[in-house]
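Side-chain atoms are counted along with the backbone in the values below, which use heavy atoms only and exclude waters and symmetry mates. Order of the sequence lines sets the chain letters (A, B, ...), proteins ahead of strands, with each chain counted from 1. Note that the structure is predicted; figures quoted are calculated from it, not measured.
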Amino acid sequence: MPDINPLVLFFASIFTSNILLSNFLGMCSFISISKSLKSSNGLGMAVTMVMTVTTVLNWGVEKYIIVPFQLEYLRYIIYIIVIAAVVQILEMVIDRVSPNLYISLGIFLPLITVNCAILGVALFMQLRNYSLIQSVFFGFGSGIGWWLAIVLLAAIRAKVDKSPVPAPLKGVGITLITIGIMAMAFIGFAGMINVQ
Amino acid sequence: MDILVAPLIVGLISAVLSALIVVVDSIVNNYGEVEIDINSGKKKLKVQGGRPLLFTLASENIFIPSACGGRGSCGACKVKVLSDVGEYLPTELPYMSKEEIAQNIRLSCQIKVKKNLKIELPEELFNVKKFKGTVISLENVTHDIKEVKLKLSEEINFKAGQYVQLVIPPYDKIKQPTQRAYSIASTPSKKDEIELLIRLVPGGIATTYVHNYLKEGDVLEVIGPFGEFYMRDTKKDMICVAGGSGMAPIKSIIFDMYERNILDRNVWYFFGARTEKDLFYVELFRKLEKVWDKFHFIPALSEPQKDWDGEVGLITDVMVKYLETMVGKETEKEGYLCGSPGMINACETLLKKHGINEVYYDKFA
């Protein structure tokens, strides 16, 4: 278990080791949904929730099932089953609580199941041997980091849409360039804390 | 022993998570009892919330027409919803015109009943019933069209030209009941029996069942009648155009007119087929021509093979030829079309070009 204060881990996973902008995980929905600020906010919230819950559940599954029964070779499958179930439950809850958000998220809500950022966080948690409390802060922080990144990108895209962009770069082209610049800005924080 | 541990553990985790989903589902998706107010208080239903409107109404014996059986692929089950049921779903939008969106018309199979609802339905839908239909005869009228006669559990009241929905039970690899719409080919005077003409669509769930699995004595559920396609009570000449199994509603309309002694209107019936083997009921209509002098039957083949002395060409071309020569130009006319959406579109355009603006059809996609 690394000796890192959970709070440090929390802020590090938001800024210095942002799962999206330093590891480039979860790009598909990041690019597609960031067209709308409202949907980005909703998806960010959903990803944060799924990430926190699944990281904690997968920590328990790792410690009490996978390791004792020597099922390391089934780790990916088991993690994904847990993520899929949590997403299913979240889908039902969002449909009930906010039907309009449910509609605006559309296909991307069930697709959180195969969002590599979610699986990535669970695997980093296992690889880096975090404790339960560290995993909670790491999962939650990574979710907040993903949420922050998508909301920032959505805000930038709203501005870019009204700007004179050269025709060949319109749409995904300028978005990828924006993401690159955002990533550089975030990596600028990297010297502050190292959580690897 | 080790070999059993992995599947057991994965199975156990899946079972626990599935149980969790079921528990959450029963709590979250429990919308309790909700009220559906139809036509400003004319009918009020107390129903269990949580299911799509189409199925909720069907469980209360109100059947909205739906050619695809609630899969959101036919766009038929449109209902005017007066309450707020949230934004349009991406599955609804392709079937909605701007006017329909302005009137808040929704696809009833796509919206869930979650709270008290106010909706508007055409009054005639309240007469739609569910019947049990026993197959009393199955006959091939062409190589790919079957005439199916069903004895109904109770009397049906329909207008010639309307259609029913057949509920196809699960069979072979099809695990869920499927509904498909078919026009009634018999006349309304026969109240306890209906006749359908069903063409085999390669790979079609319902038509494959009817052609390959259905046998005499089987019982099918029939829901109906539906549809806005029926003879308008005017004195105008009628231009009827059908292709293939589109024969069904036109046959019903024409024989109903004959039975009811409405013989003072000119009726031109253009029936299009590819080859001789796609033609059927020709003798039947030829006989009718002999006893009803204002009825004209014009079968046309696009690819005649044997000695065919009738019309040749696409039905649209034949129709235009007659409209410009034989059919009197001075009288007012109405169009009655039944066939593929492509044929209907082409015929409608041509009829309108010839000044015939009242054109009726039910388009089944």
Side-chain angles (χ1 to χ4, degrees), chain A residues 32-33 35-36 38-39 42 46 49-50 53-54 56-111 113 122, chain B residues 1-34 48-53 72 81 83-96 101 104 106-117:
Chain A
S32 311
I33 290 286
K35 281 179 215 148
S36 137
K38 194 174 156 232
S39 305
M49 202 182 292
V50 175
V53 174
T54 54
V56 173
L57 285 179
N58 281 332
W59 183 88
V61 167
E62 175 73 27
K63 188 168 164 63
Y64 297 107
I65 299 173
I66 294 178
V67 175
F69 290 97
Q70 295 168 336
L71 295 174
E72 286 82 0
Y73 63 100
L74 287 176
R75 184 177 286 134
Y76 281 39
I77 292 175
I78 296 175
Y79 280 10
I80 290 172
I81 294 174
V82 172
I83 294 168
V86 173
V87 172
Q88 281 271 313
I89 292 169
L90 187 77
E91 247 194 284
M92 288 189 267
V93 174
I94 293 185
D95 187 18
R96 178 74 199 243
V97 178
S98 175
N100 285 345
L101 175 63
Y102 180 77
I103 293 166
S104 68
L105 292 179
I107 187 72
F108 287 99
L109 189 54
L111 278 183
T113 306
Chain B
M1 189 61 201
D2 278 355
I3 205 158
L4 285 177
V5 173
L8 271 176
I9 298 279
V10 173
L12 196 70
I13 293 173
S14 307
V16 170
L17 292 170
S18 307
L20 192 67
I21 290 173
V22 171
V23 171
V24 173
D25 184 43
S26 64
I27 298 167
V28 173
N29 281 338
N30 180 9
Y31 291 87
E33 197 181 64
V34 292
Q48 199 62 35
R51 295 171 67 209
L53 180 61
V81 181
S83 323
D84 176 25
V85 284
E87 291 171 32
Y88 276 86
L89 291 160
T91 41
E92 291 178 274
L93 289 171
Y95 301 100
M96 297 294 164
I101 291 175
N104 208 24
R106 307 292 298 255
L107 282 194
S108 62
C109 66
Q110 298 298 303
I111 54 167
K112 268 190 189 172
V113 180
K114 293 177 179 172
K115 53 185 180 180
N116 291 354
L117 276 188

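Across L57(A), D95(A), V61(A), V93(A), the residue that shares the most heavy-atom pairs under 4.5 angstrom with chain B is D95(A). Interface remark: of the candidates V85(B), L20(B), I21(B), I21(B) forms the most heavy-atom pairs closer than 4.5 Å to chain A.
The distance from atom CD1 of I27(B) to atom CE of M92(A), rounded to the nearest 0.5 Å, is 10.0 Å. From I13(B), atom CD1 reaches atom CD1 of I77(A) across 11.0 Å, with rounding to the nearest 0.5 Å.
Neither the backbone nor the side chain of V97(A) comes within contact range of chain B, judged by heavy atoms closer than 4.5 Å. There is no contact between Y102(A) and chain B, counting heavy-atom distances below 4.5 Å. Looking at N30(B), the atoms closer than 4.5 Å to chain A (heavy atoms on both sides) all sit in the backbone: N, CA, C or O. For Y88(B), the part lying under 4.5 angstrom from a heavy atom of chain A is the backbone only.
The side-chain heavy atoms of Q88(A) and D25(B), taken from C-beta on, include no pair separated by under 4.5 Å.
Within 6.0 Å of CD on Q70(A) lie no more than 12 heavy atoms contributed by other residues, nucleotides or ligands. Counting non-hydrogen atoms of other residues, nucleotides and ligands closer than 6.0 Å to NZ of K35(A) gives a total of 12 or fewer.
In this structure E92(B) satisfies the side chain to side chain donor-acceptor pair (under 3.5 Å) test together with R106(B), sequence neighbours excluded. Partners of F69(A) under the side chain to side chain contact (heavy atoms under 4.5 Å, CB included) rule, at least two apart in sequence or in another chain, are I65(A), L71(A), V5(B), I9(B).
For the side-chain contact (heavy atoms from CB on, under 4.5 Å) with I89(A), the qualifying choice from L17(B), V23(B), V24(B) is V24(B), the only one to do so.
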